[in-house]
K.L.:
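Below: one structure in structure tokens.
Order of listing sets the numbers, starting from 1, for every ligand and every atom in it.
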Amino acid sequence: MENEKGYIYAINGPVVIAKGGCSFSMLEMVYVGKQRLVGEVIKVSDDGATVQVYEETSGLKVGEPIYKTNQPMSVLLGPGILKSIFDGIERPLKVLEERSGAFIATGLNVSSLDEEKKWEVTITCREGDELSSGQVYATCPETASILHKCLVPNGVKGRVKKAMPNGSYSIHDTVVELEDETGNKTELTLCQKWPIRNPRPVKERLELCKPLITGQRVIDSLFPVAKGGAVAIPGGFGTGKTMTQHQLAKWSDADIIVYVGCGERGNEMTQVLEEFSELIDPRTGAALTDRTVLIANTSNMPVAAREASIYTGITLAEYYRDMGYNVAIMADSTSRWAEALREISGRLEEMPAEEGFPAYLPSRIAEFYERAGYVDSLCGEKGSVTIIGAVSPAGSDFSEPVTQNTKRFTRCFWALDKSLAYQRHYPAIHWMDSYTEYFDDLIPWYQEHVSPEFPSCRGRIMHILQEEDKLQQIVKLIGADVLPEDQKLIMEISRLIRVGFLQQNAFHAIDTYVPIDKQLRMMQVILHLYDRGMELVRKSIPLSQLKETGIFEDIIKIKYDVRNEEIDKMESYRQRIDTLTDEILKNNE
Ligand SMILES: Nc1ncnc2c1ncn2[C@@H]1O[C@H](COP(=O)(O)OP(=O)(O)O)[C@@H](O)[C@H]1O
Ligand SMILES: [Mg+2]
């Protein structure tokens, strides 16, 4: 049966006005024009609707039909998501490319997931079992490292009437049949749909208690984000937003990575892909791409699909969370997403608020970040979605609306600093402007899994950095020479922390990822040098004697000299500090 339809009354870039013939509902997916471009209803009126179109609209003509689907804009969930590259509305880019030759064509209705591929399915329920929404009825190895769990769709429950034997099935094969009390039957395949703008339901939201360990010292040791938390990475052009997100995608201890390239350059996405296919996941030994899904809506692609891309991304993330996985989603950059929102709003002739953004910008940002969380899922597993959103304020001006609103809804803030980046201090996460409100909740984890001393070490390191910051003001005015020796020591140790600990080279084989134990040992060595240095200061022995030994420079090089698997070597640094200071003490007796 031909779907009900209206017709195109007006076209304004990605926005199309529909009139006549049928009633549209809010957020309904529609097919626009003869080419059947994918669109979504964003406003309804008495005699029609306003539609945002996710594809290039230049070929559309007034009078062409607009077909209803009676369904909200949804994504297809099922095995085959991982390792894929999708556009903003979950169309596989590879398939599109092969079929049309161009980077992305319009109106091609391809399935999001491979419909032919057979999966080795284990049916986990038996005839007679009672199943309800979110429970697992089948599993299959999706990639070498990830077991896909098929979850009963929302709103469906019943007794298993029929369960197929284990075997190979494709996503649309029925593997289980449910029957509810009233005799209604539901056929369960390996896949289901979910409307992208609705958060998926959970049994319970849990307190955050575990950090997302990233192997990046300034993050794990000073400003950790909790699994299930949300963090903003604001930074001007070239300060390292993309680099930081790539590092997290590569090294963080999430089970699944959803990487949304949103309005940024296309070659960066290609780069992620190339790098990831070469890298091995240190925890599973499998390829890094096995746990990754990429959503690319780069700067050359239609603007409305960019608006949708972060919802598509977060929905995929929630789906894997519901299976009990820890998922991290990176959005690079949410500013480009906000700009898409602004462009569409402008075309709708809505009243602009701050800097031309629509008045609903804050609520949209909030809705996105609120989908982060650590939860008890409906199938009884614990899973999390951690959101890492890059923000690109023009001219590094953090007072602009996207940065400010993002700050309101995230509890962790990695402020990238232009002058640090300029000095090539990377990651350019500024220790004075950044913060995390998660640390207190994570203290028990650090104490149990790293060391009881971890929180106090972190506290002392932060304190030294703060002291240095205050002293810098004085030094600027009157120079460093006049500082008393104890303050000079602060300056020296602080430099050690900045250069030897906070700076971390993503391109260096050893330094690119550092386990948390080694991070602690590095902090301890630095603090030990500080303590022993203080001992000299108290005895009025000039610091220069300690500096001349070269120990400061040696400690700065620990990150390159001590391999991650030989952290026991760290003890020798401690001993050297003791030998050197003991000697100096003796010589000054
Ligand atoms: N951790 C790092 N280690 C080494 N170099 C870095 C690091 N972070 C950023 N850089 C350098 O900064 C450049 C710009 O970073 P990028 O992430 O592309 O910036 P942005 O996305 O903020 O525009 C990178 O190409 C790289 O040379
Ligand atoms: Mg970038």
K.L.:
Parallel, tilted or perpendicular: which one describes the rings of Y435 and F413, with boundaries at 30° and 60°?
P.N.:
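Taking F413 first and then Y435, their aromatic rings lie parallel (interplane angle under 30°).
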K.L.:
Does N564 reach the main-chain N or O of Y513 with its side chain, forming a donor-acceptor pair under 3.5 Å?
P.N.:
yes
K.L.:
How far is atom 17 (O) of ligand 1 from its nearest protein heavy atom, and which residue and atom name does that atom have?
P.N.:
M243 N, 2.7 Å
K.L.:
Hey, is D253 close enough to K210 for a salt bridge, meaning N to O under 4.0 Å?
P.N.:
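Not counted as a salt bridge, because no side-chain N and carboxylate O are separated by less than 4.0 Å.
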K.L.:
Number the atoms of ligand 1 from 1 as they appear, then name those within less than 4.0 Å of a heavy atom of A506, with their elements.
P.N.:
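The list of qualifying atoms is 1 (N), 2 (C), 3 (N), 4 (C).
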K.L.:
Answer yes when R495 and E553 have at least one side-chain N-carboxylate O distance shorter than 4.0 Å, and no when they do not.
P.N.:
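A salt bridge links R495 with E553.
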K.L.:
Less than 6.0 angstrom from the centroid, inside 45 degrees of the normal: does R458 satisfy that with respect to the ring of F439?
P.N.:
yes
K.L.:
Salt bridge between R217 and D511, side-chain N to carboxylate O under 4.0 Å?
P.N.:
yes
K.L.:
Does G235 come within less than 4.0 angstrom of ligand 1, counting non-hydrogen atoms of the residue?
P.N.:
no
K.L.:
From the options E565, E571, E566, select the one residue that forms a salt bridge (charged side-chain N to carboxylate O under 4.0 Å, His left out) with K569.
P.N.:
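When salt bridge (charged side-chain N to carboxylate O under 4.0 Å, His left out) is applied between K569 and each of E565, E571, E566, only E566 qualifies.
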K.L.:
Write out the residue and atom name of the closest protein heavy atom to atom 14 (C) of ligand 1, then the distance separating them to 0.1 Å.
P.N.:
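Looking at atom 14 (C) of ligand 1, the protein heavy atom closest to it is G238 O, 3.7 Å.
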K.L.:
Can we say E367 and R371 salt-bridge, meaning some charged N sits less than 4.0 Å from an Asp/Glu carboxylate O?
P.N.:
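Not counted as a salt bridge, because no side-chain N and carboxylate O are separated by less than 4.0 Å.
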K.L.:
Do any nitrogen or oxygen atoms of F237 come within less than 3.5 Å of a nitrogen or oxygen of ligand 1?
P.N.:
no
K.L.:
Give the atom numbers and elements of ligand 1 that come within less than 4.0 Å of a heavy atom of G236.
P.N.:
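So the atoms of ligand 1 that pass are 22 (O).
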K.L.:
Determine, considering heavy atoms only, which of H246, Q247, Q504, K241 sits nearest to atom 22 (O) of ligand 1.
P.N.:
K241
K.L.:
Run the numbers on S58 and E56 for side-chain hydrogen bond (donor to acceptor under 3.5 Å, both in side chains), then give the verdict.
P.N.:
CA-CA 6 Å; S58 47; E56 196 36 63; 3.3 Å; yes
K.L.:
Checking a contact table here: which protein heavy atom is nearest atom 11 (C) of ligand 1, and how many Å away?
P.N.:
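Answer for atom 11 (C) of ligand 1: Y426 CZ, 3.4 Å.
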K.L.:
Does E355 reach the main-chain N or O of P401 with its side chain, forming a donor-acceptor pair under 3.5 Å?
P.N.:
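A pair under 3.5 Å: no.
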K.L.:
Salt bridge check: are K250 and E278 linked by an N-O gap of less than 4.0 Å?
P.N.:
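No salt bridge links K250 with E278.
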K.L.:
Step through it carefully: locate the ring centre of F368, locate the ring centre of F409, and say whether they are under 6.0 Å apart.
P.N.:
no
K.L.:
Going by the atom numbers of ligand 1, which of them fall below 4.0 Å from some non-hydrogen atom of G240?
P.N.:
9 (C), 15 (O), 16 (P), 17 (O), 19 (O), 20 (P), 22 (O)
K.L.:
Determine, using heavy atoms of A428 and all atoms of ligand 1, whether some pair is separated by less than 4.0 Å.
P.N.:
no
K.L.:
Ignoring water, what protein N, O or S atoms are under 2.8 Å from the Mg ion (ligand 2)?
P.N.:
T242 OG1
K.L.:
Heavy atom to atom 21 (O) of ligand 1, shortest distance: which of I429, D332, L416, T242 holds it?
P.N.:
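Heavy atom nearest to atom 21 (O) of ligand 1 belongs to T242.
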K.L.:
Answer yes or no for atom 1 (N) of ligand 1: protein heavy atom present at a distance under 4.0 Å?
P.N.:
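Under 4.0 Å from atom 1 (N) of ligand 1, at least one protein heavy atom found.
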